Amino acid sequence: MPESRAGARAKDADAFRRLLLFSGRGPRVMSDPRDRQSDAPPLLEVVGLKMQYAVSKAGFGKPQVLRAVDGVSFTLTRGETLSIVGESGCGKSSVARLIMRLEEPTAGRILIHGRRIDHLSARALRPMRRQVQIVFQDPFSSLNPRMKVRDILAEPVRNFRLAAGASAVRRRVADLLAQVRLPASAGERFPHEFSGGQRQRIGIARALAAEPEAIVCDEAVSALDLSVKAQIVNLLQDLQRDLGLALLFISHDLAIVEHITHRVAVMYLGQSVEMADRRTIFGGPRHPYTAALLSAVPIPDPFVKRKRILLSGDVPSPINPPAGCRFHTRCPFVFDRCRTEIPALRQLREGHVAACHLNDLPDQPLARAAEILGEAGRPIEVQS
């Protein structure tokens, strides 16, 4: 029987509450999958990744270089969620495309289980593509409109020879639809016959069809309504728990990131400026840009607000980034060293790295800066 409207509204409301429960109301307890890892290499490792585009200059002159990704490094282990956050244009999606080899890196290394894939030919890369799959931001444009859902899901099963015979493929397609909580009848329809949230479930099912160990979610929920967004996030978490998936979650929505992630990497103008576990990032950021992002996250309570850090100016051009720290043109705590010296991404404590000269200073004269950074992500009560 079709679901009643009242039942559908109740389900959406429940998903809405599950998402808002962790939106600025304090982090929930999440175990770190890295605590259970052996000495084996990480599932995915990115080292010094760079992507540069040659940009033609009007008239005569040497072409300019756009530095979309400039020296990004991180690891991802089985069962872990690493979120990459930052403003639009910071290079988050470029990192995803480089990992999937949809773009060729200019420099750096990409390793899966310790094996480099950044230099492999298309033929040699094919069996490695099973290990890491991607879910795109716009499910409508990423699904073939001329194919029925059953054929979209069956295609990777056949390509990687994961089922023998037509009946086995049909069973696998039915299992995939069940995993993303769609009825078996959905396989007989075309992508345009579904809502945005349902299409994204199909995109997730297509990624699962290859039986990957990791999924890259490139802004996978940013185009969805809040209640549908909550359902997709909860689905991803359930799949991760059941299948042991690793998730590389790319988003600009920090409320969702706090709900789903184990670790957070913050990017600004093509570079990683801070990386730490979720509790550290949301409770005690050590980079002004991270603190500014956190201070902008709305809290669904009229009696609670955050202390805002307002950034002046616009994001500089990646064609001509500023000297020294790339954030110094907008940083409220800038001093002379920031304008001339590039800050190294250095370890502050185990698992927490940041690229900011403020961390090299003694408590004075900028002790207040560290205090403000800590307050930016902390809700405060509004006096009535």
Side-chain angles (χ1 to χ4, degrees), residues 44-58 61-76 82-112 116-120 122 125 132-138 141-142 214-220 222-223 248-254 257 264-275 287 289-290 292-293 311 313-331 342-345 353-356:
L44 174 67
E45 183 176 7
V46 173
V47 182
L49 193 62
K50 294 186 178 183
M51 181 63 215
Q52 299 177 352
Y53 298 94
V55 180
S56 299
K57 197 172 183 179
K62 186 178 180 180
Q64 296 176 309
V65 175
L66 188 153
R67 299 170 179 84
V69 180
D70 197 5
V72 171
S73 301
F74 59 83
T75 60
L76 182 67
L82 171 65
S83 294
I84 302 179
V85 303
E87 293 171 290
S88 297
C90 71
K92 306 185 300 295
S93 293
S94 295
V95 170
R97 294 180 65 83
L98 290 170
I99 290 172
M100 299 305 300
R101 288 286 304 275
L102 300 176
E103 301 279 356
E104 295 301 316
T106 304
R109 293 178 292 154
I110 304 170
L111 301 93
I112 296 179
R116 288 188 66 175
I117 66 165
D118 51 275
H119 65 290
L120 294 181
L125 182 64
V132 183
Q133 289 288 300
I134 187 168
V135 177
F136 294 98
Q137 176 178 356
D138 183 3
S141 63
S142 65
I215 294 180
V216 177
C217 299
D218 184 15
E219 300 275 11
S222 63
L248 183 62
F249 193 81
I250 295 170
S251 178
H252 59 267
D253 191 332
L254 289 175
V257 166
V264 183
V266 183
M267 287 188 65
Y268 182 79
L269 211 61
Q271 295 182 330
S272 178
V273 297
E274 186 167 13
M275 185 184 304
H287 194 285
Y289 180 61
T290 306
L293 291 178
L311 302 179
D314 297 323
V315 179
S317 170
I319 296 177
N320 186 28
C325 175
R326 295 188 177 183
F327 186 61
H328 86 257
T329 58
R330 305 173 70 198
C331 181
I342 299 174
L345 189 68
V353 295
C356 182

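Source: prediction; values computed, not measured.
No side-chain donor-acceptor contact under 3.5 Å links Lys92 to the backbone of Val266. With hydrogens and angles ignored, the 3.5 Å screen pairs no side-chain donor or acceptor of Arg326 with any backbone N or O of Gly270. Looking only at distances, no side-chain donor or acceptor of Ser142 sits under 3.5 Å from a matching main-chain atom of Phe136. In this structure a side-chain-to-backbone donor-acceptor pair under 3.5 Å is present from Ser73 to Gly48.
Shown are Leu44, Leu125, Leu111, Ile99; of these, the side chain to side chain contact (heavy atoms under 4.5 Å, CB included) with Ile117 is made only by Leu125.
A donor-acceptor contact under 3.5 angstrom links the side chains of Thr290 and Glu274, judged on distance only.
The two residues Ala265 and Leu82 have their closest heavy-atom pair at N-CD1, 4.1 Å. The shortest heavy-atom contact between Ile319 and Arg67 is O-NH1, 3.6 Å. When every heavy atom of Ser93 is checked against every heavy atom of Ile250, the shortest pair comes out as N-CG2, 4.4 Å. Taking every heavy atom of both residues into account, Pro322 and Leu269 meet most closely at CD-CD2, 4.2 Å. Counting all heavy atoms, side chain and backbone alike, Gly86 lies closest to Leu293 at CA-CD1, 4.3 Å.
Taken to the nearest 0.5 Å, the CG atom of Leu49 stands 5.0 Å off from the CD1 atom of Ile110.
Counting heavy atoms from C-beta on, the side chains of Phe327 and Gln271 never come closer than 4.5 Å.
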### Query
Yes or no on ring-ring contact (aromatic ring centres under 6.0 Å, His included) for His287 and Tyr268, after CA distance, side-chain angles and deciding distance?
CA-CA 11 Å; His287 194 285; Tyr268 182 79; 7.8 Å; no
